[in-house]
Asker: 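Provided herewith is a single structure, encoded as structure tokens, for subsequent inquiry.
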Amino acid sequence: MSNNDRNIVLQAEGLCKSFSVVGEKLKVLEEIDLKLKKSSSLSIRGDSGCGKTTLLNLLARLEPADSGLLHWGAKIINAQDKPCSKEANWRAKYIGVVYQSYYLIPELTVLENVMMSVRLSKLSLTNYKERALQLLEEMGVGNKCQQIPTKLSGGERQRVAIARALVNNPVVILADEPTGNLDERTGGEVMDLLLNTCSKEGTSLILVTHNPNYARATEQSSFLKDGRLIYE
Amino acid sequence: MKSAWPLFLAWKQLFPSQRKVSFFSLLAIIGVALGVNVMIVVVAFMQGFQQKFRTDIIDSQGHARAVPLHRQLDWRESVETIKGKSQVSKVTPYLQGHLLVQNRDYNAVPFSMGIEPTDGNGVLPINEFLKNGHIVIQGYDSKDLTPVPTTQTLEDDVVFITQQVANRLGVRPSTILQIYDLNKSENNSISKGDITVVRLDPFVKSGEWVIEFSNDQNFTLRNALGTIERHASLVSGPPDLGWGYPKFDIKEGDNPFASGDIYKFQVFRSSILEVYSPSMIENAKSDEMAPPREVRVGGIFEVPWQGFHADALFGTRRFMEDMRGEVDVCDGFFIKFKSEFFEDERRLGQLCTKLEDDLDGDWSVMPWFVENAWFFDLLKFEEYLMVLIMIPIGLVAAFAIAIALMTTVLRKIREIGLLVAMGGSRFAVGTIFCFQGFIIGSMGALLGCALALLFIRYRDSLMNFIVTRIAGEEGQAGVTQFYDFYSLDVPYPWESEQSLSTFLTFILFAILVSTVAGLLPAWRAARMNPAEALRSE
């Protein structure tokens with residue numbers, strides 16, 4: 001393994017995925033090859049329904065692919081295998097996720113929501129509480145720690161979701177249209193925070209977005225069309 | 001510190017942060033608590049009834065009964081053998097049969113039992129029965145001073161009868177009333193002392209008695225006819241005129257007696273019964289006519305065990321022998337064991353078998369629980385039936401929990417997807433809902449236990465409230481005649497192993513059923529495809 005290969009934290013080789021629609025096989029992703037280096041960022045753009053979210057799900061091993069290989073660092077996974085619980089443990093520590101709809105748990109406070117990542121990673125709550133508070137401070141929601149998510153604005157919720165994704169120091173962040181529900185100004189602020197924090201923390205980022213400006217802010221840009229990933 | 005996140009999340013979904021309690025959790029916990037409370041209370045009361053019947057049965061027939069397997073001529077030797085056993089506390093031989101009892105035109109055929117007056121109160125607490133059956137006459141111008149009869153007054157010409165027999169025959173034991181002179185209210189209103197009657201035997205004659213004070217210390221006791229007159233002082237006390245006369249006792253009160261204080265008493269002699277026995281009928285067949293045996297009513301008794309004969313009569317063993325025309329016979333013994341031996345039924349059974357062996361197999365010794373097995377089987381059956389009826393109540397609560405949790409699963413599809421995306425295993429996500437069932441079951445069970453304890457603690461007040469609302473103040477006596485809640489001994493779990501076991505059983509049942517109720521929603525959550533869950537609207 002070369003030094004270059006060692007720097008790759010997430011790699012996909014020949015990923016294919018199709019869905020059955022009214023008895024017919026609809027190919028969504030075809031022979032997707034992707035390499036993400038440590039501390040780098042990659043944006044993926046594409047039309048609605050072109051398979052961006054599906055690609056993220058395959059990379060996170062939330063569903064099996066039809067064929068292909070995945071490399072989570074040194075761990076090689078046959079992408080067509082059914083996801084198993086061992087991978088879940090690995091995913092908890094290796095991958096952070098940010099979604100368009102935030103998905104904060106309404107019964108928990110902001111701090112408890114962020115600490116859920118720590119709980120799921122089976123890390124020490126005591127050790128990571130300080131980091132969670134610091135991240136929330138950096139995200140500008142430090143004063144909302146004890147509030148419940150329903151009392152926050154959309155922008156604030158997404159900042160909390162980003163803090164949650166980063167708190168347990170994952171290697172890769174998969175962000176699926178994180179600004180999709182936000183207005184332009186708030187979206188811009190949130191995106192700056194996400195990119196800056198990932199860059200500062202050395203976390204690799206795959207960003208799915210429709211916005212070409214945000215895509216340009218990443219180190220690598222790509223476009224998903226007809227099931228294939230085209231690098232720009 | 002690491003934590004089990006499914007348990008944490010389960011707790012938080014039931015009791016969310018920044019909110020005191022969720023409505024769903026409260027309803028679910030109250031539902032389980034009410035179910036557990038009802039189950040515990042019903043079973044505890046059934047056990048209370050069983051305990052009461054157990055005590056009543058032992059009181060009415062002792063711990064065991066020995067009956068001869070063939071005619072025993074030498075029964076006294078057997079009594080001595082039994083008495084000689086270190087485990088045995090008391091033995092009472094008895095004779096039994098049916099007698100025809102008559103008062104004027106009224107007849108009764110009570111189950112009759114002859115016992116030795118000296119040890120009659122040994123196994124059977126007859127004095128307690130007499131206390132239960134004692135009736136106090138309520139009069140607006142009189143006060144009933146009749147003492148409760150005891151087995152000391154039981155002679156060959158005296159019998160004790162049950163309330164039912166007394167009512168049927170229209171008879172009563174000797175009675176004494178203090179008569180107030182309504183025109184002289186000072187004697188009643190000022191507490192000058194207490195005059196009681198300490199003995200009123202069945203042979204006392206009807207008549208009026210007077211106690212008249214000549215000063216604060218001395219008084220005269222006389223009958224109204226003037227045939228008896230005795231002077232006495234408070235120091236020496238009222239004189240004992242012997243058998244056939246009332247014996248008074250005077251205690252000084254806050255104010256001294258004064259010259260001219262007169263206290264009047266009216267005595268009513270006890271009713272006389274004519275008793276016929278089957279042997280008399282046999283004699284009559286051979287033209288040997290014998291007059292009926294005349295006996296006095298010495299007291300009225302009531303046996304707490306309702307399985308005991310409602311129409312019953314106690315006399316001396318010799319009286320029964322006379323009525324049967326037999327000499328020195330015995331139909332069996334009532335036996336009481338020392339307390340350390342009768343608590344354990346298995347041990348009591350073994351003791352009875354040992355006694356049978358020691359009596360050379362001439363006697364069958366039956367412990368109380370064998371003789372009354374039918375009754376306890378019936379009670380047990382009732383208890384099981386109650387539990388069987390109540391189990392669906394628990395299952396209904398479980399279904400309600402399952403439906404509520406299933407709704408939660410459907411409401412939280414995207415959260416479930418997110419948890420898996422964040423690294424939770426599907427199994428762990430499923431356990432959240434099992435834990436929720438477990439928490440609801442545990443809290444509901446504990447609350448149910450607390451409610452049951454309160455119910456047991458305040459059962460009399462509660463029953464009083466209910467009975468009064470249904471039957472009114474006057475109806476209390478009628479209701480308690482059938483359902484004597486007030487004398488029920490319903491033990492707390494720290495007082496009895498059986499009660500503890502009831503509480504623990506229903507706690508475990510509630511927790512188990514509630515946890516199982518969470519399985520279906522858990523399975524539904526665990527098999528969810530996270531990618532589809534995240535896509536769902």
Side-chain angles (χ1 to χ4, degrees), chain A residues 17 53-54 56-58 60-64 83-113 115-129 146-151 161 164-165 168 170 174 176, chain B residues 1-26 404-405 408-409 411-433 435-436 439 522 525-537:
Chain A
K17 179 71 180 175
T53 301
T54 303
L56 288 193
N57 286 342
L58 295 185
R61 290 285 291 147
L62 292 183
E63 57 185 328
C84 63
S85 60
K86 272 186 187 169
E87 284 169 15
N89 292 336
W90 185 259
R91 180 167 58 236
K93 288 171 185 154
Y94 201 78
I95 293 174
V97 285
V98 181
Y99 292 101
Q100 180 180 351
S101 301
Y102 334 122
Y103 297 148
L104 297 179
I105 298 169
E107 290 88 359
L108 306 182
T109 62
V110 163
L111 181 62
E112 286 167 344
N113 262 290
M115 291 300 282
M116 267 314 289
S117 285
V118 180
R119 290 177 189 276
L120 283 154
S121 314
K122 299 184 176 71
L123 298 169
S124 162
L125 294 178
T126 326
N127 295 348
Y128 278 81
K129 189 177 177 186
Q146 295 307 321
Q147 287 205 11
I148 51 170
T150 47
K151 298 273 172 71
R164 180 178 65 187
N168 56 339
L174 302 177
D176 189 1
Chain B
M1 187 184 72
K2 293 176 185 176
S3 76
W5 67 268
L7 182 59
F8 169 78
L9 213 51
W11 178 267
K12 284 293 178 181
Q13 284 185 355
L14 292 172
F15 303 100
S17 297
Q18 307 289 329
R19 272 162 67 191
K20 278 176 185 159
V21 67
S22 96
F23 188 61
F24 155 69
S25 315
L26 192 69
L405 290 178
T408 310
V409 168
R411 201 161 44 85
K412 291 188 172 292
I413 285 180
R414 292 202 294 184
E415 270 176 45
I416 290 167
L418 172 82
L419 288 169
V420 178
M422 285 171 67
S425 70
R426 289 179 182 205
F427 175 78
V429 170
T431 54
I432 293 172
F433 300 94
F435 276 131
Q436 285 191 31
I439 292 168
R527 64 189 281 270
M528 218 172 259
N529 180 332
E532 281 175 16
L534 284 166
R535 272 188 216 114
S536 73
E537 292 299 323

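We name chains A, B, ... by the order of the sequence lines, and we start the count at 1 in each one.
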Asker: The test is side-chain contact (heavy atoms from CB on, under 4.5 Å); show your working for B:Leu9 and A:Arg119 and say whether it passes.
Answerer: CA-CA 10 Å; B:Leu9 213 51; A:Arg119 290 177 189 276; over 6 Å; no

Asker: Could I get the full list of salt bridge (charged side-chain N to carboxylate O under 4.0 Å, His left out) partners for A:Arg164, not counting sequence neighbours?
Answerer: none

Asker: Minimum heavy-atom separation for A:Ile148 to B:Ser17, with atom names?
Answerer: CG2-O, 3.7 Å

Asker: Looking only at non-hydrogen atoms, find the nearest pair between A:Arg91 and B:Val420 and report the distance.
Answerer: NH2-O, 2.9 Å

Asker: Which atom names give the shortest non-hydrogen contact between B:Ala421 and A:Leu62, and what distance separates them?
Answerer: CA-CD2, 3.6 Å

Asker: Under 4.5 Å heavy-atom distance to chain A, tell me which part of B:Glu415 shows up: side chain, backbone, both or neither.
Answerer: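 B:Glu415 touches chain A through side-chain heavy atoms alone.
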
Asker: Could you tell me the separation between the CE atom of A:Met115 and the CH2 atom of B:Trp5, rounded to the nearest 0.5 Å?
Answerer: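 Between A:Met115 CE and B:Trp5 CH2, I get 15.5 Å after rounding to 0.5 Å.
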
Asker: Heavy-atom distance under 4.5 Å to chain B: side chain of A:Tyr99, backbone, both or neither?
Answerer: side chain

Asker: Show the atom names and distances, to 0.1 Å, of all donor-acceptor pairs under 3.5 Å that link a side chain in residues 101-109 of chain A to residues at least two apart or in another chain.
Answerer:
from, atom 1, to, atom 2, distance (Å)
A:Tyr103, OH, B:Leu534, O, 2.8
A:Glu107, OE1, B:Lys412, NZ, 3.1
A:Glu107, OE2, B:Lys412, NZ, 2.6
A:Thr109, OG1, A:Glu112, N, 3.2
A:Thr109, OG1, A:Glu112, OE1, 3.4

Asker: So do B:Met422 and A:Ser117 actually touch side chain to side chain, heavy atoms under 4.5 Å?
Answerer: yes

Asker: If I compare all heavy atoms of A:Ala92 with all of B:Gly423, which pair ends up nearest, and what's the gap?
Answerer: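 Scanning both residues, the minimum pair turns out to be CB-CA, 3.6 Å.
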
